[in-house]
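What follows is a short report on a single structure.
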Protein chains: 4
Amino acid sequence: VDMCDSDFGNGKMKEPSEAGRACTSWYEQLVQPCLLELLGSALFIFIGCMSVIENVPDMGLLQPALAHGLALSLIISTLGNISGGHFNPAVSLAAMLSGGLTLMMLLPYWICQLLGGLLGAALAKVVSPEERFWNATGAAFVTVQKQGQVMGALVAEIILTMLTLAVGLGTTTNEKTTFSPTPFCVGLSVTMAILAGGAVSGACMNPARAFGPAVMANYWGFHWIYWLGPLLASLLVGLLFRFVTGDGKTHLILKGQ
Amino acid sequence: VDMCDSDFGNGKMKEPSEAGRACTSWYEQLVQPCLLELLGSALFIFIGCMSVIENVPDMGLLQPALAHGLALSLIISTLGNISGGHFNPAVSLAAMLSGGLTLMMLLPYWICQLLGGLLGAALAKVVSPEERFWNATGAAFVTVQKQGQVMGALVAEIILTMLTLAVGLGTTTNEKTTFSPTPFCVGLSVTMAILAGGAVSGACMNPARAFGPAVMANYWGFHWIYWLGPLLASLLVGLLFRFVTGDGKTHLILKGQ
Amino acid sequence: VDMCDSDFGNGKMKEPSEAGRACTSWYEQLVQPCLLELLGSALFIFIGCMSVIENVPDMGLLQPALAHGLALSLIISTLGNISGGHFNPAVSLAAMLSGGLTLMMLLPYWICQLLGGLLGAALAKVVSPEERFWNATGAAFVTVQKQGQVMGALVAEIILTMLTLAVGLGTTTNEKTTFSPTPFCVGLSVTMAILAGGAVSGACMNPARAFGPAVMANYWGFHWIYWLGPLLASLLVGLLFRFVTGDGKTHLILKGQ
Amino acid sequence: VDMCDSDFGNGKMKEPSEAGRACTSWYEQLVQPCLLELLGSALFIFIGCMSVIENVPDMGLLQPALAHGLALSLIISTLGNISGGHFNPAVSLAAMLSGGLTLMMLLPYWICQLLGGLLGAALAKVVSPEERFWNATGAAFVTVQKQGQVMGALVAEIILTMLTLAVGLGTTTNEKTTFSPTPFCVGLSVTMAILAGGAVSGACMNPARAFGPAVMANYWGFHWIYWLGPLLASLLVGLLFRFVTGDGKTHLILKGQ
């Protein structure tokens, strides 16, 4: 099993000189990536929940949008090269489908990401004044309140997640469109998505981000949207990349050469 | 017909090693760029319309400014190297005039960009709560309401579009002023333009961005401003680049060597 | 007279291969840089004035801070490599003192920058609705209203201009601290300065930015602050760089080797 | 004593060609770094305090978050390569623990950073209108008012400081995760932390940032939080880097090769 190519976040920065020592131990291949996915998800979701819990209502979505985006950018910059910097089950699924993660690592990654989400949401609860925590329902997604909002929210989650995944895959997997500040592309795509879709669906795009706060606030209304939407988007993006815009390695039909 | 130099977005990042395989098939030369222009325009205009539909009035223009700018930055980063990353008829016209796109591709690009605008605005309508959609007139440009505003709005559209086009051309076509994070330069120039001109003309700068929402909300008041202004700006920038600041290839008069 | 080293903005990106043709004609050496300083100053000050004229009062200083910063970043990215990208008499003075501009070019640059300021402010007046233009006094600096504010405002202008100049010089002139996205460093230093000092002195830091709108609105209260402060800062930064932190070429005393 | 490797800020950009002259004099090794730490801390804390003193209450934390983050980014870009760009006793401690600063330089750095904090806060007091200065208690940290907030604030300071330090160390010390725009990573991590934790603990993360304004406003309520939190975080991050994620030089246990 070759896990040395499992970089999703900023794998393009790996220098050839390290190639010799990158695949050396069980610890570096399995335990370290999983620990860092757990740690990174916890930190990302901690920052994300905090920014929602403290947001001033009149400010619209700028504070949570920037906080989520910068947190993801910086955590991928710091930890991404070791674990791939997914911190999101939907990203791991898309990475696996497009050949950036081995199937065997998918379940461990998902478990670590969900545990990280729990840990981050728990930390946000510990740190926040109780009144403010409950005013924000612990940063759980409460945007969808009526059945009439479900379709719009689901479609928004799918499109926004697809766009975010496309940015991630398009700036890393596909050699034709590589652009070096990838961690910031990925992070800022979350900023963009929250600015666009925050009031329609919450712009979650990440089951781990939905799961942790839902447990902490014990709030489960329309929770399935934040699993179905992002994971369906992963499937669609994985297929899209393989069939339409992929490079030599993943481009299966209509290949130019 | 050599379409291999039709990169406008981030063509400078193309590595020599791919040169051999870049011009291989009809699919990669014609269908893929057009599909990606349609897809990219749809995504850009979807995000743009959403950020306008959901904006909190007290927040001024920050949310739409950042959402449009990040969307364009990231979509050019992801898809720009294949189609050039125009997503705007005015950009395609300027690229054609300054030698970055063949004349034959101009009409297909325009059609795809307008269809993409329609698709993006339609998606925004599907996803948004109806009340909020109509409050914002579907993100159509309603800034100009009186005849007295027309001249100011038209001049603003021309100057802002020229500045945006100059950033795009200046950071890609002209080898003297190449600066690598071009996609973000182009995207952030839209942010800048909206922060500066959003309240005067709407800072559209893109007929496709005006067209899609106008169809969806069936709102056509002063719609011609958003065609005349940007396309006039393309003409002026195209001429300016050829005669004043171009490099060896496009600099026609007063050349230094 | 060797004007080929007059790059201040992003001179470090000049590639050796162009060195041979960079110093070829009177047009490219003198007329083109001056024209671009005029054009760049006009565009920068147009965007800056527009963002002030349209600002929503409750929003604090974010909109003008981002608009000024992005405008300067992007205009330096686009035009900076030809003229040096000063667009500010204080920057030209500091560049001259630290060896980045010949003395002979200082006066032409100043004249072009002030004319550009006039042009930019005039364009902003043409484009803006009259009521909004006068509400904002045409984006002239009206922060200082009483004699008691003068000292604070003057000290703020000096410190903020020094910091901005230090970022510009520190990221270009001094080889030890070169950092490639210089245009954005310079532009964002203006954003930072407005966020910090906008309410104390207006964070002008640029006589051309003060001059143009002052003419257009015929408002001259405490106008001298915006000449004395920035130019004094240029003198201090020029001296500081020569004596304390400069590299081999400009570091005059206490040199390490 | 080899102080030539004491770069924390953007040491990776040092080019080999300068290596020969970098370790030449007592002045460049000791006096210059300390002076620049003092100057940089003063400028950073001046900008930071100004942005807090002038903040519009309704704006939430965006203005101080961006001002602190940009100030740190730009000051590290400009001065960081000479002194390492710490400007924070907690950063110097973490740099020392992870091998980026000699023990002998720790105390001089701390003294310079605290003096810089005093100087920056004093300048902010001089420049600000008196009424506004006292309304903001001179930008001292007044978030924690009751004993019940202490634990949350302390935990928040520790986690946020750890995250900021991890970004700084992770993008410089560890060759596996190097990402070049480090100064902006470090600066934007402060933006992120203020957006997330500003309302819980103030997101100080820097004893020098707390100390200067506390002296100027003579406000010492719960001041110890801003020493204990950040320094404890330095210890934890130093240990974490040595034992878990470090590269060949600092990775002590469970090493892969």
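In what follows, chains are A, B, ... by sequence order, proteins preceding strands, each numbered from 1. Fair warning: this is a prediction, and the values are worked out from it, not measured in the lab.
- Evaluation of the side-chain hydrogen bond (donor to acceptor under 3.5 Å, both in side chains) rule for C:Trp227 yields C:His223 as partners, not counting sequence neighbours.
- Between the CG atom of C:Leu61 and the CD atom of D:Gln63 there is a distance of 5.0 Å, given to the nearest 0.5 Å.
- Here C:Leu163 is the residue among C:Leu66, C:Leu163, C:Val155 with the most heavy-atom pairs under 4.5 Å with chain D.
- With a 4.5 angstrom heavy-atom cutoff, C:Leu160 touches chain D only via side-chain atoms.
- Residues meeting the side chain to side chain contact (heavy atoms under 4.5 Å, CB included) test with D:Ser201, sequence neighbours left out: D:Ala153, D:Ala156, D:Glu157.
- To the nearest 0.5 Å, the span separating CD1 on C:Ile158 from CG on D:Leu123 amounts to 11.0 Å.
- If you measure heavy-atom distances from D:Ile75 to chain C, the contacts under 4.5 Å come from the side chain alone.
- Using a 4.5 Å cut-off between non-hydrogen atoms, the part of residues 124-140 of chain D that approaches chain C consists of D:Val126, D:Val127, D:Ser128, D:Pro129, D:Arg132.
- Interface residue C:Ile159: only side-chain heavy atoms are found under 4.5 Å from chain D.
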Side-chain donor-acceptor pairs under 3.5 Å in residues 189-200 of chain D, sequence neighbours left out?
residue	atom	partner	partner atom	Å
D:Ser189	OG	D:Val186	O	2.5
D:Thr191	OG1	D:Ala65	O	2.9

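- For chain D, the nearby parts of C:Leu188 are the backbone and the side chain; heavy atoms of each come within less than 4.5 Å.
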